[in-house]
Amino acid sequence: KQALKEFQAAEHINKQPFINLEDTILYFTIGQTALLLKDTALAKKYLKLSFEHNYASPGMVMDLYDFYSATGQKDSAIMFLEKGLILFPGDANILNELANVYLSQKNYASARPLLEQLANIKPGFDIFFNLAAVCQQNNDLNCADKYYRKALQIEKNDENTLFNLALSLYTQAINRIR
């Protein structure tokens, strides 16, 4: 609590009319300290201030997302991820989290390009599996097969992947017969 008081007092030292990097770091530190003390109103104020002045980092974006998610403000949480993706388009953590949000909303059209970008940056079983599932949801079965097979190269005996690949191949066979 004493550190929080000192951080807040330091905020008033810099009376310049613009916000500089030191102020932004200070605002972020105040916000993080307030989070530790479970003062969500104060944390929200200072984390938002630090983020809005474009001295953000991918870690700050994820912290803001976590904060807004934890306080039940899902729309604000998603907004910070979307803003973060604009600032840090190649950040794997932001891409992954936003793709997962879109998947949970069944917004496959928005999830797919993020997963494709993520597959190029940080290929992995979960990415390939999710990408295959999105392709399957969109009835793009050749794409689904391709990504299920990539997932199986990483985890050869994953039952869900084997089942989904078999289902995709079966659906393609039925479609050819028709």
Side-chain angles (χ1 to χ4, degrees), residues 25 28-29 31-32 35-36 40 43-44 47-48 50-52 54-178:
I25 292 168
F28 185 71
T29 305
Q32 289 295 312
L35 271 179
L36 291 172
T40 55
K44 179 179 177 179
L47 288 174
K48 192 172 181 181
S50 67
F51 184 79
E52 287 177 347
N54 293 328
Y55 290 107
S57 68
M60 187 184 299
V61 170
M62 295 306 296
D63 285 343
L64 287 165
Y65 169 75
D66 290 341
F67 169 74
Y68 281 97
S69 291
T71 58
Q73 300 175 63
K74 299 293 183 196
D75 291 340
S76 293
I78 294 167
M79 184 238 0
F80 277 108
L81 283 178
E82 291 170 340
K83 280 185 175 181
L85 192 58
I86 292 167
L87 290 171
F88 309 102
D91 185 81
N93 292 328
I94 295 171
L95 282 165
N96 190 48
E97 196 63 44
L98 190 54
N100 286 332
V101 166
Y102 290 151
L103 288 173
S104 72
Q105 297 173 338
K106 298 184 184 337
N107 183 350
Y108 303 118
S110 295
R112 184 173 177 170
L114 300 178
L115 289 168
E116 288 171 340
Q117 186 178 354
L118 197 53
N120 290 325
I121 295 170
K122 185 181 172 186
F125 173 80
D126 291 336
I127 305 313
F128 292 140
F129 183 87
N130 286 339
L131 193 47
V134 165
C135 292
Q136 197 164 15
Q137 285 293 325
N138 291 326
N139 209 29
D140 186 350
L141 300 179
N142 289 328
C143 175
D145 292 354
K146 172 181 140 183
Y147 287 112
Y148 282 134
R149 291 176 195 279
K150 284 186 175 204
L152 285 170
Q153 289 174 350
I154 298 169
E155 291 190 25
K156 296 184 185 329
N157 296 317
D158 182 72
E159 291 178 12
N160 288 330
T161 307
L162 289 166
F163 175 80
N164 286 340
L165 177 59
L167 182 62
S168 179
L169 292 170
Y170 174 77
T171 304
Q172 288 180 66
I174 293 297
N175 289 341
R176 274 187 236 126
I177 293 171
R178 291 181 186 169

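Leu103 and Val134 get closest at one heavy-atom pair: CD2-CG2, 3.3 Å. Heavy-atom minimum distance, Ala99 versus Ala111: O-CB, 4.0 Å. Pro123 and Phe128 get closest at one heavy-atom pair: CB-CZ, 3.5 Å. Of all the heavy atoms in Ala144 and Ser168, the pair that sits closest is CB-OG, 4.2 Å. Nearest heavy atoms, Tyr147 versus Cys135: CD1-SG, 4.3 Å.
Between Phe129 and Tyr148 there is a side-chain heavy-atom pair separated by less than 4.5 Å. You'll find the side chain of Asn142 reaches within 4.5 Å of the side chain of Gln172, heavy atoms only. Between Leu98 and Tyr65 the shortest side-chain heavy-atom distance does not fall below 4.5 Å. Residues Leu169 and Leu141 form no side-chain contact, since every pair of their non-hydrogen atoms from C-beta on lies 4.5 Å or further apart. Side chains of Asn107 and Ser110 form a contact here, defined as non-hydrogen atoms less than 4.5 Å apart. A 4.5 Å side-chain heavy-atom check between Met62 and Ile94 finds at least one atom pair inside the cut-off. At least one side-chain heavy atom of Gln117 sits under 4.5 Å from a side-chain heavy atom of Ile121. In this structure, Ile78 and Gln105 have side chains that are in contact, with non-hydrogen atoms separated by less than 4.5 Å.
With hydrogens and angles left out, the side-chain atoms of Asn164 and Thr161 include no donor and acceptor closer than 3.5 Å. Checking Asp145 against Gln136 by side-chain atom types alone, no donor-acceptor pair falls below 3.5 Å.
Salt bridge present: Asp140 and Arg112 bring a charged side-chain N and a carboxylate O closer than 4.0 Å.
Put simply, CG on Leu118 and CD1 on Ile127 are 3.5 Å apart, with the number rounded to the nearest 0.5 Å. Between the CG atom in Asp91 and the CD atom in Glu97 there is a gap of 11.0 Å [rounded to 0.5 Å]. Between atom CG of residue Asn96 and atom CG of residue Leu115 there is a gap of 7.5 Å, rounded to the nearest 0.5 Å.
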Walk me through it: do Leu85 and Leu114 pass the test side-chain contact (heavy atoms from CB on, under 4.5 Å)? CA-CA 10 Å; Leu85 192 58; Leu114 300 178; 3.5 Å; yes
Exercise for review: Please lay out, stage by stage, how Asn100 and Asn130 fare under the test side-chain contact (heavy atoms from CB on, under 4.5 Å).
Suggested key: CA-CA 9 Å; Asn100 286 332; Asn130 286 339; 3.9 Å; yes
query: Is there a side-chain contact (heavy atoms from CB on, under 4.5 Å) between Val61 and Lys83 once you walk through the steps?
result: CA-CA 8 Å; Val61 170; Lys83 280 185 175 181; over 6 Å; no
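Crowding of Asn120 atom CG: a count of heavy atoms from other residues, nucleotides or ligands under 6.0 Å exceeding 12. The number of heavy atoms from other shown groups lying within 6.0 Å of CG (Asn175) is above 12.
Taking the six-membered ring where the residue is Trp, the centroids of Phe80 and Tyr68 are separated by under 6.0 Å.
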